[in-house]
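Take a look at the structure set out below.
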2 protein chains.
Amino acid sequence: MSDLRPRRPTIVDVAAAAGVSKSLVSLALRGDPGVGAATRERIRASAEALGYRSNALARALVQGRTGQLGVVVTDLTNPYHADVALGVEEAATRHGLGALIAHGRRDPDRLATHLEAMLSLNVDGLVVVSSRVEPEVLVTCARQVPVVVVGRPEELPAGVDAVANHDAAGARRAVAHLAELGHREIGFVTTSRRPAARARHEGYADALVELDLGAERTWTVDGPEQVGVALAELLAAGCTAVLANNDLTAVALLDHAHDAGLELPGGLSVVGYDDTRLATTVRPRLTSLDQGGAALGAAAVELLGERDAGRREDRHVVLEPTLRARASTGPPSPRG
Amino acid sequence: MSDLRPRRPTIVDVAAAAGVSKSLVSLALRGDPGVGAATRERIRASAEALGYRSNALARALVQGRTGQLGVVVTDLTNPYHADVALGVEEAATRHGLGALIAHGRRDPDRLATHLEAMLSLNVDGLVVVSSRVEPEVLVTCARQVPVVVVGRPEELPAGVDAVANHDAAGARRAVAHLAELGHREIGFVTTSRRPAARARHEGYADALVELDLGAERTWTVDGPEQVGVALAELLAAGCTAVLANNDLTAVALLDHAHDAGLELPGGLSVVGYDDTRLATTVRPRLTSLDQGGAALGAAAVELLGERDAGRREDRHVVLEPTLRARASTGPPSPRG
DNA sequence: GTGAAAGCGCTAACAT
DNA sequence: ATGTTAGCGCTTTCAC
């Protein structure tokens, strides 16, 4: 660092300025009741005058805890993930903790690197907003600090907590909504085969049976680009409504439907999942399931707190999503 | 922390296991050439066996630098801001540094709190992705570590560097694009009066003169909700194209135009700014100006590096945005 | 090539 | 009510 930047003052400097010992400075500045009012004021004034700022590193070193939570997110540009991070941050603040956020870019290696970095920064707990972290990595982390995964990884090792959205319930909710509107032939289109998508599919299939609707019709495609094919088949199969595995897929369906000249939502009703910003931007506004990212983040912090308080057995929390009904769903138009 | 979590091993433990002094462990593990090959291997093995992980806090305390950059962002849910954070992180990695991200939620107080927290964590530099931080706060920060602001604050105090997108050039580029398509009456709609929006307006007005187009017509409204009014007036005034201060405003224009039954882009061409995910999602796809968030972030890290290397005078870097032409702009349809 | 000792800035027992 | 003394885990002279 350039030598022109002045060395920052320490408690020793403040102590000298106030004419007391450094321990007294430490006590006074942290509001210890056993410090004389006059002395305290003198110390506070000297600290102020010197522009003293306590060194969190030194404190953390001696106390053995940093007061910081680490949040490692798969993809910050995904608003849902950003929401979870936000929820963690907010809850952490309420617990008197800070939150450090890192971005993994959907890359398991990068995620592992960040977790490693957070560990060596001695965070007091770790929130992993990703289902792509290797189980072994999670185990390593959990040996050092409490860890909670937000989402649905393929495999969740013992020793780490989890909080997830109830994907199956969300999908059931979507199907019920469509059924209420009068739809009976409802399709499911997914661009993912990961656990969350599988759970959503399961809820969808169950709901069809429960509500005595038409047969299950599922399309698994490799990306939003291939959604067009699914749409064509879906319409040919007589579906009047479709549940997508997420908003991106739903928007792709909407797009293709629009291109095909379909009347929306009469010709086709579409439900997304995640309730991202997309949902309230596209035309027609997309009906979607809100995972409640902030609540998930807050729940994660709760779990960390419990661990810290001594809990030993693992906990897996599941939160109910909320349906946000918008213009992309409506009664089917009468068939000609 | 629960007492069951084993104390993590330190160099002392490794030293004991390898039968050497702790200083030698320190040297060996950091690859100091002056350590015997056999000893080095023995130490490495013991460290491995114990699962030793160096404590970044302790190192930082003695070295006086943490190797971490602090990134404080106004709004992480804004993909543009997330992009900048990404760019910083990537560039930091290249420089062998880490990046800690914090979220300010558009709240100057919260931003200040986070900056404060980062300072007491002794970050080696600060990237402020926000134009809402109080100048005094920036000055305080800059007294401790190099600071660079990404964006256009109302006021930029001496001692802090800045990197910004060339807003005026971007707006000029947009007007030129519209002019090439044959538009002559081009409006400007903004939902902000902040410096970035003002710079964009300036570029817009200059371009109209330079290209000898119709008169300047500007609407300043208080939010995307009021864009409808602006649209009506704009059409009544004979505009065939409009530049918005950002994508959100542009999308609102698109929406209202759609509701009004206008043919797009024939009836109205719209250009946004920021090239967010919205741009490639809405119909028609939005022509927009890409600030190049990642590049801005990388530039910020460059500036921090220069400061660290001893530069004393302030630098303000300006980067050219790129026009992404899409379906929301096209030739005006012949007037009836 | 290796070890001993000092100290980064702070907190926490333990004096006084 | 205030001061003294040890460290926290690491790096860094400076001896050997």
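Small disclaimer: the values here were computed from a predicted structure and weren't measured. Just so we're on the same page: letters track the sequence lines, and every chain starts at 1.
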Using a 4.0 Å cut-off on protein heavy atoms (strictly under), produce a 5'-to-3' string for nucleotides 7-16 of chain C with B for base contact, S for backbone-only sugar-phosphate contact, and - for none. BBBBBB----

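- Taking a 6.0 Å sphere around CD of A/Glu154, one finds it holds more than 12 heavy atoms contributed by other residues, nucleotides or ligands.
- More than 12 heavy-atom neighbours from other residues, nucleotides or ligands sit within 6.0 angstrom of CD on A/Glu136.
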Apply the test salt bridge (Lys or Arg N to Asp or Glu O under 4.0 Å) to residues B/Arg65 and B/Asp308: give CA-CA distance (whole Å), side-chain angles for both, the deciding distance (0.1 Å), then the verdict. CA-CA 11 Å; B/Arg65 49 154 59 233; B/Asp308 195 54; 3.2 Å; yes

Side chains of residues 127-134 of chain B: which donor-acceptor pairs under 3.5 Å do they make with residues two or more places apart or in other chains?
| residue | atom | partner | partner atom | Å |
| --- | --- | --- | --- | --- |
| B/Ser130 | OG | B/Thr74 | OG1 | 2.5 |
| B/Ser130 | OG | B/Arg132 | N | 2.9 |
| B/Ser131 | OG | B/Arg194 | NH1 | 3.1 |

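- Along DNA chain D, the stretch of nucleotides lying under 4.0 Å from any heavy atom of chain B spans, 5' to 3', D/dG9 to D/dT12.
- Side chain to side chain, A/Arg42 and A/Ser46 fail the donor-acceptor criterion of an N or O pair below 3.5 Å.
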Working note: A/His166 + A/Leu319, criterion side-chain contact (heavy atoms from CB on, under 4.5 Å); need CA distance, chi angles, decisive distance, verdict. CA-CA 6 Å; A/His166 197 323; A/Leu319 264 41; over 6 Å; no

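- Side-chain contact, B/Gln291 with B/Asp274: a donor N or O sits under 3.5 Å from an acceptor N or O.
- Residue B/Gly34 is classed as a base contact, given a heavy-atom separation below 4.0 Å to a base.
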Under 3.5 Å, sequence neighbours excluded: what are the donor-acceptor pairs made by side chains of residues 84-100 of chain A?
| residue | atom | partner | partner atom | Å |
| --- | --- | --- | --- | --- |
| A/Glu89 | OE1 | B/Arg110 | NH1 | 3.3 |
| A/Glu90 | OE1 | B/Arg105 | NH1 | 3.2 |
| A/Glu90 | OE1 | B/Arg105 | NH2 | 3.2 |
| A/Thr93 | OG1 | A/Glu89 | O | 2.8 |

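- With sequence neighbours excluded, the residues satisfying side chain to side chain contact (heavy atoms under 4.5 Å, CB included) with A/Glu41 are A/Arg44.
- Between its two ends, the helix from C/dG1-D/dC16 to C/dT16-D/dA1 turns its axis by 40°, counting five pairs per end and rounding to 10 degrees.
- Side-chain polar atoms of A/Arg8 and B/Asn122 form a donor-acceptor pair below 3.5 angstrom.
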